[in-house]
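Model, not experiment: these values are computed from the prediction. Numbered from 1 within each chain, the chains take letters A, B, ... in sequence-line order. Values reported hereafter were calculated over all heavy atoms of this structure, with side chains retained and with hydrogens, waters and symmetry mates removed.
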Protein chains: 2
Amino acid sequence: MYRDNNQSARLPAPDRVPTLEEAPMTYCVALKLQQGLVFLADTRTNAGVDNVSRVKKLFTWEIPGERAICMMTAGNLGITQAVISELNEALDRPAPGEATLYSAESMFDVAQIVGDTMRRVQQRYSAGLAARGVDAGASIIVGGQRAGGPPRLFLVYAAGNFIEAMDDSPYFQIGEHKYGKPIIDRVISKETDMQDAIICALLSMDSTIRSNLSVGMPLDLAVIRTDEMQFNQIRRIEADDEAFRKFSERWSQELRDAFGVMRLMQV
Amino acid sequence: MYRDNNQSARLPAPDRVPTLEEAPMTYCVALKLQQGLVFLADTRTNAGVDNVSRVKKLFTWEIPGERAICMMTAGNLGITQAVISELNEALDRPAPGEATLYSAESMFDVAQIVGDTMRRVQQRYSAGLAARGVDAGASIIVGGQRAGGPPRLFLVYAAGNFIEAMDDSPYFQIGEHKYGKPIIDRVISKETDMQDAIICALLSMDSTIRSNLSVGMPLDLAVIRTDEMQFNQIRRIEADDEAFRKFSERWSQELRDAFGVMRLMQV
């Protein structure tokens, strides 16, 4: 009567450990609103619970008034750092005839450059990583605005292909996305006010940090307002940030209060 | 400087699809409070988006005043249904000298019986499933109370081994647990009032249903109050349940209101 819902699931190799996609240890979220773009990333990395460290996952490029670009990375750190390094190297020593982040004519071209760089880096390392049984999985959120075009937001996969955030679902999350998704689904639409979107991203991050040890402070926040073509904010929120602590506590209080209403309901 | 956080992750076989643990399609939660036990399960099952069905995942056994036992299942449906069927068969035709759910002298013995049955079922089918590339993964939450002992709650794994819910973390979730975890982490402790715990479980389920298509109505709810040794509630909440619809809408409204406070904060 019921087809078994696992008959389509294949067996894992017995000694396999989860890939990064299955056991993520990063949380980045980007929102695309009519008023602009919001980027928020944590900074925790680890190679096991005995080797926890901090690493920047949010990167920005800017020609004020002309273009502002932000990227956030998740997955194999060797891979994503190689991609970011290559993109930066190309700015200093551009190959003849090849566009860079600063010369690309559109945000679509920027996404293409990031995707092409990802492909090159994967081609260089993935066979060696595979031989050592290491997952080369990686993904990059890239967004921004260039003079003459609208703000755009893309998600670049390990294969170098990418998708764009559209109005129906105007956000991307990479890494440990589940804990922080419900608040975004409830609050964000393309019409959401920029300040509200920043608050929502921070609440989404707060829920994730609270539920998952592999995501942690400090946080990196970047904001691009539509048609400013420069960063409105680039901010690091440290672990001891007093305003963020109060914010987090207030949210706990508000949720408890909301729960206090719900507990009186008949259901 | 940073060890790559993926160097420990092994490569999946190229044609591997996720196991149930990685791509769950069930949500069950059980809470163990001083006042008793709460069990809540969804009923959705699917073998792909073109084959969505309904299946009961919550099962109860009761000798009123003497014992009340509840189980919830996740994972390979063939495996979990075989376990439940064997447990029921043993009630009708008990093997000489072997305890059943109705004759077990403690909840620990009940968990042991479930674990042993799981082991037998796995031994019978897992080689055949593996040969067909199918994951035999399954887990069962089992809890209840028998006269003379306290209420207890266990999580039985596919290998038949099990763990018990203790005061520090008095709940178990199986299946798609992440969306519904933040509210539980914020609300539940062993002192939580029973009615509050039921509300919290329903909110946790509501968030999960809203974020994940593979978890769906109707819901099965069972409640055992401490020292009653019988079910205080066994209830199915249908998809068109008016009270649950209002409850879900009210929670959305409360969250929006809470967000309305947060958006005014400086952070």
Identify which part of A:L264 has an atom lying under 4.5 Å from any heavy atom of chain B, answering side chain, backbone, both or neither.
neither
Looking only at heavy atoms and a cut-off of under 4.5 Å, which of B:R256, B:E242, B:R235 has the most pairs with chain A?
B:R235
Interatomic distance, OG@B:S211 vs NE2@A:H177, rounded to 0.5 Å, equals 9.0 Å
Atom pair CZ (B:R263) and OG1 (A:T192), whose distance is rounded to the nearest 0.5 Å
10.0 Å
Can you list the steps and then say if A:I183 with B:L255 is a side chain to side chain contact (heavy atoms under 4.5 Å, CB included)?
CA-CA 8 Å; A:I183 185 71; B:L255 287 180; 5.5 Å; no
Going through the distances and angles, do A:R186 and B:D257 end up as a salt bridge (charged side-chain N to carboxylate O under 4.0 Å, His left out)?
CA-CA 12 Å; A:R186 287 179 195 272; B:D257 290 353; over 6 Å; no
Quick one: of A:C200, A:S252, A:A258, A:G180, who has the most non-hydrogen atom pairs under 4.5 Å with chain B?
A:A258
Minimal heavy-atom distance between A:F259 and B:W251, with the atoms involved, is N-CZ3, 4.0 Å
Given a strict heavy-atom distance threshold of 4.5 Å, which part of B:V267 is in contact with chain A: side chain, backbone, both, or neither?
both
Below 4.5 Å from any heavy atom of chain B, which atoms of A:D196 appear? Answer side chain, backbone, both or neither.
both
Straight-line distance of A:Y179 OH to B:K178 NZ, nearest 0.5 Å
5.0 Å
Residue among B:Q253, B:Q195, B:R210 with most heavy-atom pairs under 4.5 Å to chain A:
B:R210
Side chain, backbone, both or neither: which part of A:L203 has a non-hydrogen atom closer than 4.5 Å to chain B?
side chain
From OG1 (A:T208) to NZ (B:K181), nearest 0.5 Å
11.0 Å
